[in-house]
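Here the structure is laid out as structure tokens; the discussion comes afterwards.
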2 protein chains.
Amino acid sequence: MKRKITLKHIARELDVSISTVSKALKNSPEISKDTREKVQAFARLYNYKPNNIAISLKNKRTRNIGVIIPDIVHHFFTTVFRGIEHYANDRGYNVIVCVSDESFDKEVVNMELLANGSIDGFIMALSAETQQKQDFNHLKELGEQGIPLVLFDRVTSEVACDKVIIDDQAAAQMATQRLIDSGKKRIALFTTESFLNVSAKREAGYRRALEKSGLGVDDNLIIRLPHQFEEETLSAAFFESQEFDAVLCVNEIFAIRAMRIAQELQRDIPGEISFIGFTDGLLSKYANPGLTAIAQHGEEMGRVAAELLIDRVEEEDDLEQELPPYRTCIIPVSLIERESTQLAPSKN
Amino acid sequence: MKRKITLKHIARELDVSISTVSKALKNSPEISKDTREKVQAFARLYNYKPNNIAISLKNKRTRNIGVIIPDIVHHFFTTVFRGIEHYANDRGYNVIVCVSDESFDKEVVNMELLANGSIDGFIMALSAETQQKQDFNHLKELGEQGIPLVLFDRVTSEVACDKVIIDDQAAAQMATQRLIDSGKKRIALFTTESFLNVSAKREAGYRRALEKSGLGVDDNLIIRLPHQFEEETLSAAFFESQEFDAVLCVNEIFAIRAMRIAQELQRDIPGEISFIGFTDGLLSKYANPGLTAIAQHGEEMGRVAAELLIDRVEEEDDLEQELPPYRTCIIPVSLIERESTQLAPSKN
């Protein structure tokens, strides 16, 4: 087992900044001879080895990427993972995954576990609990230690890093608009509690389309389902108590389950009720009727995330060059039309 | 990020043995007061926290488990993973996953990657290519290095270790028998190339049921599909060229796709053709008609695999005790009946 003495550790012990330590170890003339000698002696004493945690010391790359996803059974995250992996492998990197299980604590533990091992950087989607707590210190610390991080899908503006997202609001607005254009007037939204950033944005897009079209929003048509969805939560009661002719669901599983209930109540799909769901996984494709879905192109999202990360890892090796500013890449979505809707042709 | 000072580090700095450090930290009277104070002061100074890396000095347990699965998009493997994780977490272990992507090379690389890092043992299902090559040296080496290994689902008799499987042959025989009992006479088998051990066993069970019942096997009714299944491979041609009244599929996706083709050809399910598939994932549940499925109880399989592994890891800590012989646990399957069959009541 390697001992883990980091730049931060040396900095704290000697009461100097991390960048001073880093420069002193590189024998930079910017640092006084005294300090350089002190830092170098300390590093020798503690058998300090520049590792991936201390990026500024180049060429200690491990060629491993750590990925933390909230859920491994969720098709979207596994397709993102597949995109990450294929791209990373092509560039000679391995990928290790941990699952946060939507828990803040597990996210932190997994991150420490991987950061202690040997990875060059992280690709992550935030756990539900992390977004609820709004505690991002573990992510900010990564930045302080110079470990590159790319957030995808579930991101936060609180952390400065590269990000890959879809434009959730625009996607939901587009899907809602397509339902309106096909003559639907009472469109329900099945969503999760809104602490999930993506759900909040999708709701905003849904609202915007209804407001712009003049139909207006009826809050009775918005159901908020628990994030850990249970069979009983979405009962036939909603279908019987409210009048609606279309449903937009923030994920695939809500949509599939809702279609089942509609079928049990003998409602005609898409005539009486049309359905659109986010994600476009296997369930959308093999449902009967097939579910019209907003394809988030998870594999492409993963590919872009891996590219951003590896580019940054490799740029950081080049000490001469200034690091580029953080980027946010927006992956375009598309609507995959199947039998759960009968849409008018797109206006675009 | 916490600084990582380990027992070994303290021991080296103070020029005492690791076990002395450990005892001193626990204030053991075996250690002189002087040494105890010195060790404790040093530990405080460096903010030492007893952590997973060095709980027991004999073996340096990390409380991390490495899992290597062939495919992350396959529902069965992700449910096994979930079972592993929940059980491991309950016993205070973290889980790290790598995906072999059905490749022998990636399986070996991932194993080295994790074994070099910090894990106490492995839980794995073999990649398709590993089974094809019949090269298990990387697994045998684990044993020689004393790293515990549990194989699940895709196992080999070449490697001595704990294993968790279902009785694939018995399961396929039971499902085929249930189709025969319900009056089906020409039962097709949709399977993969038989280098996949589980496929070979399922085929054996299918054959056995047909032979025992006196119906006999018609090899024209066995289709072998490529493991990386493509849409075009399973064409309507087979449905049109062969007469059959039931289909047993070695996985869920074959069954769902086959049902789709039957529906497009206006065949009545289950009247004209009944379908049974292995796995019982979300697709089986949400297909329309629902797919009768052989539930492999992936989550239970994962739980048992984690239990076998952790028990062995912890048994190995106890140097006094002889290690138990390797075990093979067989997880019972069950048939989940849905609308894709109309079965006679079970005879059991």
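Convention: sequence-line order gives letters A, B, ...; per-chain numbering from 1.
Looking at heavy atoms from C-beta onward, A:Val99 lies in side-chain contact with B:Phe81 at the 4.5 angstrom threshold. For the pair B:Tyr286 and A:Met259, the minimum side-chain heavy-atom distance is 4.5 Å or more. The closest side-chain heavy-atom distance from B:Ile96 to A:Val97 is not below 4.5 Å. Side-chain atoms of B:Leu282 and A:His75, non-hydrogen and from C-beta on, never get closer than 4.5 Å to each other.
Taken to the nearest 0.5 Å, the CD1 atom of A:Ile69 stands 4.5 Å off from the CD1 atom of B:Ile72. Here the CG-CG distance, from A:Asn110 to B:Asn94, works out to 6.0 Å after rounding to the nearest 0.5 Å.
The number of heavy atoms from other shown groups lying within 6.0 Å of CG (A:Asp15) does not exceed 12.
Nearest heavy-atom pair, B:Cys98 versus A:Val95, reported as atom, atom and distance to 0.1 Å: SG-O, 3.5 Å. For the pair B:Arg260 and A:Asn288, the tightest heavy-atom approach, listed with the atom from each and the gap, is NH2-CA, 4.0 Å.
Taking a cutoff of 4.0 Å between a charged side-chain nitrogen and a carboxylate oxygen, A:Arg82 and B:Asp71 qualify as a salt bridge.
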request  = Might you work through the side-chain hydrogen bond (donor to acceptor under 3.5 Å, both in side chains) test for B:Asn89 and A:Lys106, ending with a clear yes or no?
outcome  = CA-CA 9 Å; B:Asn89 288 169; A:Lys106 284 193 66 177; 2.5 Å; yes
Check against side chain to side chain contact (heavy atoms under 4.5 Å, CB included), A:His86 and B:Asp101 = CA-CA 9 Å; A:His86 287 176; B:Asp101 221 4; 3.2 Å; yes
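Residue contact with chain A, scored on non-hydrogen atoms closer than 4.5 Å, involves the side chain of B:Val109 exclusively.
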